[in-house]
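Heads up, the thing below is written out as structure tokens.
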Amino acid sequence: MNADPRIDPADLRPSDPAAARALQDRLAPLVRAEPVDPGRVSLVAGLDVTYAPGDDRLVAAAVVLSAQTLEVVDSAAVAAEPRFPYVPGLFAFREVPPLLEAIGRLRVAPDVFACDGFGLAHPRRFGLACHIGLLLDRPAFGIGKSPFVGTAEPPAEERGSWTPLIDAGEVVGRAVRTRSGVKPVYVSIGHRIDLAGATELALRLAPNYRVPEPIRRADRLSRDRLAAL
DNA sequence: GCGACAG
DNA sequence: ATCTTGTCGC
């Protein structure tokens, strides 16, 4: 589960925001961009977490789809309690522990992880998708529904168009139009994938809706499971 | 100093 | 994130 010896498991549960930020600063340099051929991706896991009103409970879900057919081939959901407050930029410390638990219950090994949130498009260039990708040593990217850091020109109205998301002079992601005439999603790499591959994959995974299917499925599963508690 | 701030 | 229905438009 922790494939990188440079990551001390004890650090994965920082006791306070300052320690969490320091950990992100330390791990950010380990992120690598690698070319990935979307056509050769077989299984994609979508990750999402739903919170109960009042913030006392959550359900983390991982749903694996065939990248080819978009059929669900496996899924897992776990109920838990938040162990870290919501702090913009430290989102991962809240969601990663239960997500890893859900991922650990999968019976298949996903090729790529699609995360609800950001990767490099983050104040310290180490968002949720980077945490997931680095900890699992697998390709991972993030899909955000609203911009977090950086600015992007509005992409052309037709599905498939995109513009660079730029923060402090560097390209940290893309605003991608997954549906014509609908507001874009924000794609950024997490680890072991590149922006072009993440963009094409996001588009392939979102043929009919704005949000890529794996994440939509994970959202639905976590929501349904929470409602059933 | 002030506002903004993934889910 | 969540509290919340119907409604307009493709």
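Residue numbering restarts at 1 for every chain, and letters A, B, ... go by the order of the sequence lines.
Enclosure of atom CZ in A:R57 is not indicated, since only 12 or fewer non-hydrogen atoms of other residues, nucleotides or ligands lie within 6.0 angstrom.
Computed from coordinates, the A:I215 CD1 to C:dA1 P distance equals 13 Å when rounded to whole Å. Between the C1' atom of C:dC10 and the CZ atom of A:R210 lies a distance of 17 Å, rounded to the nearest Å. Going from atom CZ of A:R179 over to atom P of C:dG9 covers 16 Å, rounded to whole Å. Atom pair A:L99:CG and C:dA1:P shows a separation of 15 Å (rounding to whole Å applied).
In this structure, a donor-acceptor pair under 3.5 Å is absent between the side chains of A:Y86 and A:E95. A donor atom on one side chain and an acceptor atom on the other are found under 3.5 Å apart for A:H131 and A:Q24. Side-chain contact, A:T50 with A:R223: no donor N or O sits under 3.5 Å from an acceptor N or O.
At a threshold of 4.0 Å, the pair A:E157-A:R177 counts as salt-bridged, since one of the basic side-chain nitrogens sits closer than that to a carboxylate oxygen. Between A:D137 and A:R192 a salt bridge is recorded (basic side-chain N to carboxylate O distance below 4.0 Å). A salt bridge links A:D167 to A:R125: at least one charged side-chain nitrogen sits closer than 4.0 Å to a carboxylate oxygen. Looking at A:R40 and A:D111, no side-chain N of the basic residue comes within less than 4.0 Å of a carboxylate O on the acidic one, giving no salt bridge.
For the OP1/OP2 pair of C:dT2 and a distance below 4.0 Å, the side-chain nitrogens and oxygens of A:R223 include at least one atom meeting the criterion.
Between the A:S180 side chain and the A:R159 main chain, a donor and an acceptor come within less than 3.5 Å of each other. Side chain of A:S188 to main chain of A:F118: no donor-acceptor pair is present (N/O by atom type, distance under 3.5 Å, no hydrogens or angles).
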- Note on the structure: Per-residue pairing states of DNA chain B in dot-bracket (Watson-Crick or G-U under 3.5 Å; . unpaired, | other strand) read .......
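By the rule that hydrophobic residues join a cluster once side-chain heavy atoms approach within less than 4.5 Å of another member, A:I143 and A:L134 end up as members of one cluster.
Annotated stems with DNA chain C as a participant are lacking; only runs of 3 or more Watson-Crick or G-U pairs under 3.5 Å would qualify.
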Pairwise N/O distances under 3.5 Å, protein to nucleotides 5-7 of chain B:
{"from": "B:dA6", "atom 1": "OP2", "to": "A:Y86", "atom 2": "OH", "distance (Å)": "2.7"}
{"from": "B:dA6", "atom 1": "N7", "to": "A:G89", "atom 2": "N", "distance (Å)": "3.1"}
{"from": "B:dA6", "atom 1": "N6", "to": "A:G89", "atom 2": "O", "distance (Å)": "3.1"}
{"from": "B:dA6", "atom 1": "N6", "to": "A:F91", "atom 2": "N", "distance (Å)": "3.3"}
{"from": "B:dA6", "atom 1": "N6", "to": "A:H122", "atom 2": "NE2", "distance (Å)": "3.4"}
{"from": "B:dA6", "atom 1": "N1", "to": "A:L128", "atom 2": "N", "distance (Å)": "3.1"}
{"from": "B:dA6", "atom 1": "N3", "to": "A:F118", "atom 2": "N", "distance (Å)": "3.2"}
{"from": "B:dG7", "atom 1": "OP1", "to": "A:K145", "atom 2": "N", "distance (Å)": "3.0"}
{"from": "B:dG7", "atom 1": "OP2", "to": "A:S146", "atom 2": "OG", "distance (Å)": "3.1"}
{"from": "B:dG7", "atom 1": "O3'", "to": "A:D116", "atom 2": "OD2", "distance (Å)": "3.1"}
{"from": "B:dG7", "atom 1": "N7", "to": "A:Y86", "atom 2": "OH", "distance (Å)": "3.4"}

